[in-house]
Amino acid sequence: MSDTSSADPVGEAFEVQRDRLRAVAYRMLGSHADAEDVVQEAWLRLSRQDTATIDNLAGWLTTVVGRISLDVLRSRQAHPEASYDDRLAELVVMVDDSPAPEDDVALADSVGLALLVVLESLRPGERLAFVLHDLFAVPFDEIGQILGRSTAAAKMLASRARRKVQGAGQPTAVGREQREVVQAFLAAARRGDFEGLLRVLDPEVRLTVDTPGGVVVILGATKVATGAAARAAAGAAVRGRAVLVDGLPGFVSWREDGAPLSVMAFTVVDGRIVAIATVIDPARLASMDLPDPR
């Protein structure tokens, strides 16, 4: 990946957009490697473009990334034997700084990997219309231009895709209630409040812990609450921050020396935590792209 951060004003302006463009391409394609390729191609096209002709750089780049991604999707459809990698190969961790439902568009890259499975069932045009409009708030007239279709046709494609996504029961963003449940769990754990933990845990909650020695599974609210209270009492973590882990509300904690201690992802259903996935394996934590401690 080329470093354009300080090359020139155009490069600096592109770097401001890079994360959002990568998010668009990833939601379109379901592959981090393919998304990086698309973003790099967008940069190459921008570098060959007379930027004086671009009124809205963010919109121009979104259109370019959308068109390139659409070409990739259509190529896959024409050559289904071609494979593309890494959709489920890693955990995507990003800071969750937007708790209000009205900020859900800003959380477009928080959409869980589970949604990608649903998106794979959509036709290329449907997927582009849904991703760009519902996840990134791109106007339908711009989507229509990318597709070479009318604004009404773009709306119809997005509506059709939305029905398929909703029919599959996949959430499109983390909501306020989920965050509040996770915050209540973390607060109760810090206090060693056993009863408080039980109030937010489903009786049949499943805790999966990725350790250096392998994966450990703990079942049941009583055992999970006991373990959470005990870990809090040990006091190993000194810093932490809310994150999104593959689109799920999560939390990263660090030791005093700045080394990551754990990454946690929570699945919340009907106001209760039904599953917690935790990574404490130092090797795997070191391989993750984690945000900085506060």
| task | Show your working on side-chain contact (heavy atoms from CB on, under 4.5 Å) between Arg27 and Phe136 and close with a plain yes or no. | result | CA-CA 10 Å; Arg27 294 310 161 203; Phe136 292 91; 4.3 Å; yes
| said: Please give me the minimum heavy-atom distance between Leu147 and Gly125, naming the atom from each residue. | reply: CD2-CA, 3.8 Å
| What pair of heavy atoms forms the shortest contact from Phe140 to Ala158, and how long is it? | CE2-CB, 3.5 Å
| said: Please determine whether the number of non-hydrogen atoms from other residues, nucleotides or ligands lying under 6.0 Å from atom CZ of Arg45 exceeds 12. | reply: yes
| query | If two hydrophobic side chains count as joined below 4.5 Å and joins carry through other members, does Val245 share a cluster with Trp254? | reply | yes
| query | Hey, quick one: are Met156 and Ile146 part of the same hydrophobic cluster, counting side-chain heavy atoms closer than 4.5 Å, chains of contacts allowed? | reply | no
| query | When rounded to the nearest 0.5 angstrom, what is the spacing between CD in Gln183 and CZ in Phe266? | reply | 11.0 Å
| said: I'd like to know if the side chain of Arg272 reaches the main chain of Arg199, judged simply by a donor and an acceptor atom lying under 3.5 Å from each other, with no hydrogens or angles considered. | reply: yes
| task | Could you grab the distance from atom CG of Leu207 to atom CD1 of Ile218, nearest 0.5 Å is fine? | result | 4.5 Å
| query | Any side-chain heavy-atom pair from Val24 and Leu61 closer than 4.5 angstrom? | reply | no
| field | Side chain proximity check, Val274 to Val205, heavy atoms < 4.5 angstrom | value | no
| Minimum heavy-atom distance Leu29-Ala35, with the two atoms named | CD1-N, 4.4 Å
| remark: Scanning both residues in full, the closest heavy-atom pair of Val138 with His133 reads O-CD2, 3.4 Å
| field | Pairs where residues 46-64 contributes a residue and the test side-chain hydrogen bond (donor to acceptor under 3.5 Å, both in side chains) is met, not counting sequence neighbours | value | Arg20-Thr62, Gln49-Thr53
| Between the side chain of Glu126 and the main-chain N/O of Arg123, is any donor-acceptor distance below 3.5 Å? | yes
| message | A side-chain contact here means heavy atoms from C-beta on lying under 4.5 Å apart; do Phe14 and Leu21 qualify? | response | yes
| query | Quick one: does Leu128's side chain get under 4.5 Å of Ile143's, heavy atoms only? | reply | yes
| request: Could you pull out the closest heavy-atom pair between Thr222 and Phe194, with the gap in Å? | output: O-CE1, 3.8 Å
| field | Linked, directly or transitively: Met264 and Leu285 (ILVMFWY side chains, under 4.5 Å) | value | no
| message | Could you go through Thr278 and Ser262, starting from their C-alpha distance and side-chain angles, then the distance that decides it, and tell me whether this counts as side chain to side chain donor-acceptor pair (under 3.5 Å)? | response | CA-CA 7 Å; Thr278 304; Ser262 67; over 6 Å; no
| query | Does some side-chain heavy atom of Val181 sit less than 4.5 Å from a side-chain heavy atom of Val200? | reply | yes
| field | Minimum side-chain heavy-atom gap Pro291-Arg241 below 4.5 Å | value | yes
| query | Between atom CD of Glu142 and atom OG1 of Thr151, what is the distance when rounded to the nearest 0.5 Å? | reply | 10.0 Å
| task | Kindly give the heavy-atom pair with the smallest separation between Arg22 and Glu36, and that separation in Å. | result | NE-OE2, 2.8 Å
| query | Heavy atoms, side chains only, cut-off 4.5 Å: are Val209 and Val279 in contact? | reply | no
| Under 4.5 Å between any side-chain heavy atoms of Ile280 and Asp210, yes or no? | no
| How long is the gap from CE on Met28 to CG on Leu132, to the nearest 0.5 Å? | 6.0 Å
| query | With hydrophobic residues grouped by side-chain heavy-atom distances under 4.5 Å, do Leu201 and Leu219 end up in a single group? | reply | no
| message | With rounding to the nearest 0.5 angstrom, report the CG to CG distance, Asp257 to Leu261. | response | 10.0 Å
| Run the side-chain contact (heavy atoms from CB on, under 4.5 Å) check on Asp37 and Gln40 step by step: do they pass? | CA-CA 5 Å; Asp37 289 344; Gln40 186 62 19; 5.7 Å; no
| request: Kindly say whether Leu70 contributes a backbone atom to a donor-acceptor pair with the side chain of Arg127 at under 3.5 angstrom? | output: no
| message | Checking Thr267 against Ile276 for the side-chain contact (heavy atoms from CB on, under 4.5 Å) test, could you report, in this order, the C-alpha distance in whole Å, the side-chain angles of both residues, the deciding distance, and whether it holds? | response | CA-CA 6 Å; Thr267 301; Ile276 306 172; over 6 Å; no
| field | Distance, nearest 0.5 Å, that separates OG of Ser69 from CD of Glu41 | value | 11.0 Å
| field | Which residues share a side-chain hydrogen bond (donor to acceptor under 3.5 Å, both in side chains) with Asp193, sequence neighbours left out | value | Arg191
| request: Indicate if Val268 and Leu186 have the same hydrophobic cluster label, given that clusters are the connected sets of ILVMFWY residues with side-chain heavy-atom separations under 4.5 angstrom. | output: yes
